[in-house]
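Read through the structure below, which is laid out as structure tokens, and then see the notes.
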Amino acid sequence: MLHHFFTELRSARIPVTTREYLTLLEALDKGVIEPEIGHFYSVSRAALVKDEKDFDKFDMVFAHVFQGVETLTQMFGEKEIPDEWLEAMMQRLLTEEEMAELKAMDFDELMETLKKRLEEQEERHEGGSKWIGTGGTSPFGHSGYNPAGVRIGGKSQHKRATKVWEQRRYKDLDGDREIGTRNLKVALRRLRRFARDGAHEELDLDNTISATARQGWLDVVMRPERRNAIKVLALFDVGGSMDPHVKLCEELFSAARSTFKNLEYFYFHNCPYEGVWRSNLRRRTETVPTMDVMHKYPHDWKVIIVGDAAMAPYEITHEGGSVEHWNEEAGATWLQRIVDTWPHLIWINPTPQKWWEHSYSTRLVQEIIGADRMFPLTLEGVDEAMKELAR
């Protein structure tokens with residue numbers, strides 16, 4: 001498995017050498033790695049990756065090679081059955097009628113009930129409807145079904161969790177990923193307004209010829225380079241339900257970086273709140289207040305928000321509704337402030353447009369920003385979005 005891991009890293013064009021691979025084997029041989037997949041991930045990344053720009057590629061290869069592995073004994077020693085397999089076997093298959101009969105608790109009731117469950121529960125539960133566990137229809141746990149609940153561990157399946165309790169690592173978008181046909185770049189170029197400003201660093205051929213003819217000797221005339229004067233602020237939703245759209249968003253990000261010389265960007269999760277961040281590796285320690293962003297970039301900036309708008313409605317409508325922290329103000333409040341600050345704003349949604357009407361949170365976002373400001377992440381959608389921003 002480790003040899004396969006090494007070859008997959010090389011196939012992904014991560015410059016891993018044999019020497020670094022032997023360093024990882026030595027760490028395993030001397031027992032410095034704890035028998036837990038998270039610790040193995042940290043040590044292997046430190047040993048094999050030399051440049052942080054390759055972290056995203058490394059994470060994708062690691063997830064592919066070691067999917068379902070929780071402990072090192074599953075790779076080298078005792079053949080344990082992964083927990084995910086057992087949990088999948090326990091998961092109930094509900095009919096549409098059974099799903100419709102389940103009642104979603106309101107936000108306050110959900111939080112109060114979870115507090116009681118944490119005080120009362122003493123052991124693990126699977127397949128039930130009350131306790132914190134896996135499978136079943138309880139609003140607490142994971143790998144089951146409930147119209148609105150708190151996902152504790154596991155992976156998102158129905159995109160309905162009101163809160164998520166786990167340590168989550170998001171990835172920065174890879175700005176070096178190129179688009180094969182360059183069509184997205186062509187679509188983004190609709191948003192252009194050229195101007196000449198700055199230092200005189202480009203040869204003005206016409207005026208040089210004219211001045212030389214008048215003077216009788218070579219008179220070189222320089223001028224500022226012609227640049228796209230449009231200023232763009234991009235806000236990218238990352239993590240959770242956006243994970244399947246990472247490749248497409250990276251292509252858009254790459255195209256935007258090469259098209260707009262005045263581009264600033266930040267990340268958020270699900271809905272913008274009081275803070276955004278530049279780096280997902282340091283998002284807990286280097287969060288930028290959203291209000292500071294509003295003050296720094298004036299109203300003439302064009303704003304592009306990229307996200308699927310798929311979340312629990314509480315994240316938009318309620319204080320404390322965020323899946324990851326207790327927000328003092330509702331997401332709708334912050335969205336409205338963003339709309340009021342930047343009148344030239346569009347939202348690009350990677351989810352197919354035919355699904356938007358089935359997502360209550362998507363409709364809520366459209367009501368706040370304006371339904372005609374949300375566009376699908378397709379070539380036609382981006383083209384229409386740039387027309388809207390250029391008005």
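Just the heavy atoms: all of them, side chains too, but no hydrogens, waters or symmetry mates, feed the values below.
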How far apart are the C-alpha atoms of Arg214 and Ser210, what are their side-chain angles, what is the distance that settles it, and do they pass the side chain to side chain donor-acceptor pair (under 3.5 Å) test?
CA-CA 6 Å; Arg214 289 196 308 270; Ser210 177; 2.7 Å; yes
Cluster check Leu205, Val221: I/L/V/M/F/W/Y, side chain < 4.5 angstrom
no
Exercise: do Gln353 and Asn349 side chains pair donor with acceptor under 3.5 Å
no
Phe266/Phe236 aromatic ring centres below 6.0 Å
no
Side-chain donor-acceptor pair under 3.5 Å between Asp308 and Ser241, yes or no?
yes
Can you tell which of Leu48, Asp56, Leu9 makes a side chain to side chain contact (heavy atoms under 4.5 Å, CB included) with Val61?
Leu9
Going by atom types alone, do Thr17 and Glu20 pair a side-chain donor with an acceptor below 3.5 Å?
yes
Side-chain donor-acceptor contact under 3.5 Å, Glu315 with His269:
no
Return yes if some donor-acceptor pair links the side-chain N/O of Thr212 with the main-chain N/O of Leu218 below 3.5 Å, else return no.
no
State, to 0.1 Å, how close His299 and Trp342 come at their nearest heavy-atom pair, and which atoms those are.
CA-CD1, 3.9 Å
Is a side-chain donor-acceptor pair under 3.5 Å present for Asp237 with Tyr267?
no
State, yes or no, whether a side-chain contact exists between Met294 and Arg337 at a heavy-atom distance under 4.5 Å.
yes
Check whether Trp355 and Val306 end up in the same hydrophobic cluster, where Ile, Leu, Val, Met, Phe, Trp and Tyr are linked by side-chain heavy atoms less than 4.5 Å apart.
no
On a heavy-atom basis, the closest approach of Tyr273 and Glu329 is CD2-O, 4.2 Å
Is the shortest heavy-atom distance from the side chain of Met60 to the side chain of Glu8 under 4.5 Å?
no
Take the angle between the ring planes of Phe268 and Trp347 and call it parallel below 30°, perpendicular above 60°, tilted in between.
perpendicular
With Arg278 as the cation and Tyr265 as the aromatic partner, state whether NZ or CZ is under 6.0 Å from the six-membered ring centre and within 45° of the axis.
yes
Least distance between heavy atoms, Ser361 atom then Ile316 atom:
O-CD1, 3.6 Å
Taking the side chain as C-beta and beyond, is there a heavy-atom pair between Val220 and Asp204 under 4.5 Å?
no
Spell out, as yes or no, whether a donor-acceptor pair under 3.5 Å connects the side chain of Ser44 to the backbone of Tyr41.
yes
Okay, side chain of Ser11, backbone of Thr7: is any donor-acceptor separation there less than 3.5 Å?
yes
State yes or no: do Met242 and Leu377 share one hydrophobic cluster built from I, L, V, M, F, W and Y residues joined by side-chain heavy-atom distances below 4.5 Å, directly or via other members?
no
State whether the side chain of Ser359 and the backbone N or O of Trp356 hold a donor-acceptor pair below 3.5 Å, judged by distance alone.
no
Does NZ or CZ of Arg257 come closer than 6.0 Å to the centre of the six-membered ring of Phe253, within 45° of the ring's axis?
yes
side-chain contact (heavy atoms from CB on, under 4.5 Å) partners of Pro289, counting only residues at least two apart
Asp292
Could you tell me how the ring of Phe5 sits relative to the ring of Phe62: parallel (under 30°), tilted (30 to 60°) or perpendicular (over 60°)?
perpendicular
Is it true that Lys387 and Glu384 have a side-chain N and a carboxylate O under 4.0 angstrom from each other?
yes
